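Scroll down for the structure; my scribbles are underneath it.
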Protein chains: 2
Amino acid sequence: MNPHHTHQSLSLAIRNRITAGEWPPGTVMPSETDLAQEYQCARATMNRALQVLADSGLIERKRRAGTRVMPLPSSLAKIEIPIIRHEIEKRGAAFGHSILMRETAPAPEKVARQLHLRKGTRALHLKTLYQSDQEPFAYEDRWVNIQAVPAISTAPLDEVSPNEWLVRDVPYSSGYVSFSASAAGSEEAAALGTRPGAALFTVSRTTWLANRFITTVTLSYRPGYQLQTKL
Amino acid sequence: MNPHHTHQSLSLAIRNRITAGEWPPGTVMPSETDLAQEYQCARATMNRALQVLADSGLIERKRRAGTRVMPLPSSLAKIEIPIIRHEIEKRGAAFGHSILMRETAPAPEKVARQLHLRKGTRALHLKTLYQSDQEPFAYEDRWVNIQAVPAISTAPLDEVSPNEWLVRDVPYSSGYVSFSASAAGSEEAAALGTRPGAALFTVSRTTWLANRFITTVTLSYRPGYQLQTKL
DNA sequence: GATGTTTAATTGTCTATACATAATAATTTC
DNA sequence: GAAATTATTATGTATAGACAATTAAACATC
């Protein structure tokens, strides 16, 4: 093979030297140019290798100031927020959903703020229960900005869940997500077949597409649900 | 300014064309070479721009097969699991921690399984309370594999929290994380100043470093805590 | 028709060079 | 001495060219 270094191998090599303690956290490492010299590679290649490490949060790079090993590496986890149907079907269970409520109503203040609507503007309010083998799996409370997605008014939400309809129709939007624990209200408790006050894992999302706020949703999972990932 | 395109602007431009539906999910986009031609930039630049989109999961690239728009973009959220001290100090509060318990004991079965220890092997068991401005913030229940990290036996955990000590001493390990909601037990409730049964946001982690299982930890945050991120 | 081989298209990535940009350090000015 | 200016240095990134690696498709062989 040729004597070239790949940016991957360089990345790994540098990473190892960092973890071995050669440059303790907080210290400045040698410059790109020096490292490239040392490994006999082009500066661009070393640049790429170091950028990978910078992306992963291991080092911080600043023009003129040099490359610095980060003091405490915060763990970065990639979480894939699964489509509920996929999650259920992956476990071999039958997916089902039922629309518990579907109405157009003035958005309450909190929702209006999240969707950047004027207070009192009407929006579509949906409550949906997702089932795994007939058992309740998650309870969804969703508001949709009708102005941004007029087509949803006529969507066949009995066949395709609101979640999937929106993902299919308005893809690649960006948004905020927050994870928390909340006590089940009487409505969620009844839907999920648990007692009010039970600890529910809750995911709230607000998504938009280029200035247009689409939807805000709160998903409460049945008790015991865990969201897992590797890091 | 100069007429150059940056890979960032190109990335954005392509992303916009995708979200606008020019290339629907599943279809192959024009080749790097063609796009570079179209935008009058070097192929390397377009390559970098497309790599960014590939990293974010929007497109998939294969040699010879070309670049394909991914069918259903499962929402991928990057979550930074914050170091508790940083999280508290970022909000301008004073960080504190106190070790509620520190003992060496035989690992219960569940812990032994997670740390790949033989049942009954002794391990370090720590219970720690993290405080924000004297108020309880999070409760940590941690087991540490002494064989993997013997130095922890003599670590000054009153000064540096177990969390930080481990991160500093055994950095860059990999691990599993799971998020869930759980009802406060009497111990957590007392420590966090809430009532038993309250809904707590809980993060469990097991980390290892090259075959050696280091530690498994369950963190319960005070009621109302939210883990937020953008996607 | 099934299987193996060659071809060609496409992305992956390194090199060398050039210039842009940012931030520190040194210098000048007042 | 403080403030403003200039110089220096490290990283950011674009470019053109070259070759490697992968694999779909076309072709050849049995």
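All chains are named by letter (A, B, ...) in the order of the sequence lines, taking the proteins before the strands, and each is independently numbered beginning at 1. Note that the coordinates shown come from a computational prediction; the quantities given were computed from them, not determined experimentally.
B:D34 has its CG atom 7 Å from the P atom of C:dT10, to the nearest Å. Nucleotide D:dA25 holds its P atom 12 Å from the NZ atom of B:K62, rounded to whole Å. Between the CD atom of A:Q37 and the C1' atom of C:dA16 there is a distance of 14 Å, rounded to whole Å. Protein atom CD of A:Q40 is 15 Å distant from nucleotide atom P of C:dC14, rounded to whole Å. Distance CD (B:E60) to C1' (C:dG12): 15 Å, rounded to an integer number of Å. Rounded to whole Å, atom C1' of C:dA9 lies 17 Å from atom CE of B:M29. Note: CG (A:L50) to C1' (D:dT13) measures 15 Å, nearest angstrom. Atom CG in B:L35 sits roughly 12 Å away from atom P in C:dT10 (whole-Å rounding).
Aromatic ring pairs are classed by plane angle as parallel below 30°, tilted from 30° to 60° and perpendicular above 60°; the pair B:Y221 and B:F137 is perpendicular.
Comparing C:dT11, D:dT15, C:dC14 against the side chain of A:T45 picks out C:dC14 as the nearest. Listed candidates were C:dC14, C:dT11, D:dT13. Nearest to the side chain of B:E32 is C:dT11. If you check C:dT15, D:dA14, C:dT13 against the side chain of A:C41, the one that comes closest is C:dT15. Nearest nucleotide to the side chain of B:Q51, out of D:dT13, D:dT15, C:dG12: C:dG12. Of the candidate nucleotides C:dT13, C:dA16, D:dT11, C:dT13 has the atom nearest to the side chain of B:N47.
No side-chain donor-acceptor contact under 3.5 Å links B:T128 and B:R142.
Both B:T33 and A:A65 sit near DNA chain C, but only B:T33 has its closest nucleotide nearer the 5' end. Comparing A:A44 and A:P30 against DNA chain D, the residue whose closest nucleotide sits nearer the 5' end is A:P30.
Regarding contacts with the backbone of C:dC14, a side-chain N or O of A:H7 is found under 4.0 angstrom from either OP1 or OP2. When the side-chain nitrogen and oxygen atoms of B:S31 are compared with OP1 and OP2 of C:dA9, none of them lie within a distance under 4.0 Å. Phosphate contact (OP1/OP2 of D:dG12, side-chain N/O of A:R61, threshold under 4.0 Å): present.
To the nearest 0.5 Å, atom OH of residue B:Y225 and atom CG of residue B:L227 are 4.5 Å apart. Atoms CG and OG, from A:L157 and A:S98 in turn, are 12.5 Å apart once rounded to the nearest 0.5 Å.
With B:E87 as the fixed residue, the salt bridge (Lys or Arg N to Asp or Glu O under 4.0 Å) test singles out one of B:R91, B:R85, B:K90: B:R91.
Residue side chain A:R43 reaches the base of D:dT13 through a donor-acceptor N/O pair under 3.5 Å, judged by distance alone. Judged by distance alone, with hydrogens and angles left aside, B:R64 brings a side-chain donor or acceptor within reach of the base of D:dA24, the pair sitting under 3.5 Å. Residue side chain B:R48 does not reach the base of D:dG12 through any donor-acceptor N/O pair under 3.5 Å, judged by distance alone. With hydrogens and angles ignored, no donor-acceptor pair closer than 3.5 Å exists between the side chain of B:R63 and the base of C:dT13.
Closest approach of A:T45 and A:H5 over heavy atoms only: CG2-O, 4.0 Å.
Residue contacts for B:Q8: at a heavy-atom cut-off of 4.0 Å it reaches the sugar-phosphate backbone alone, with no base atom in range.
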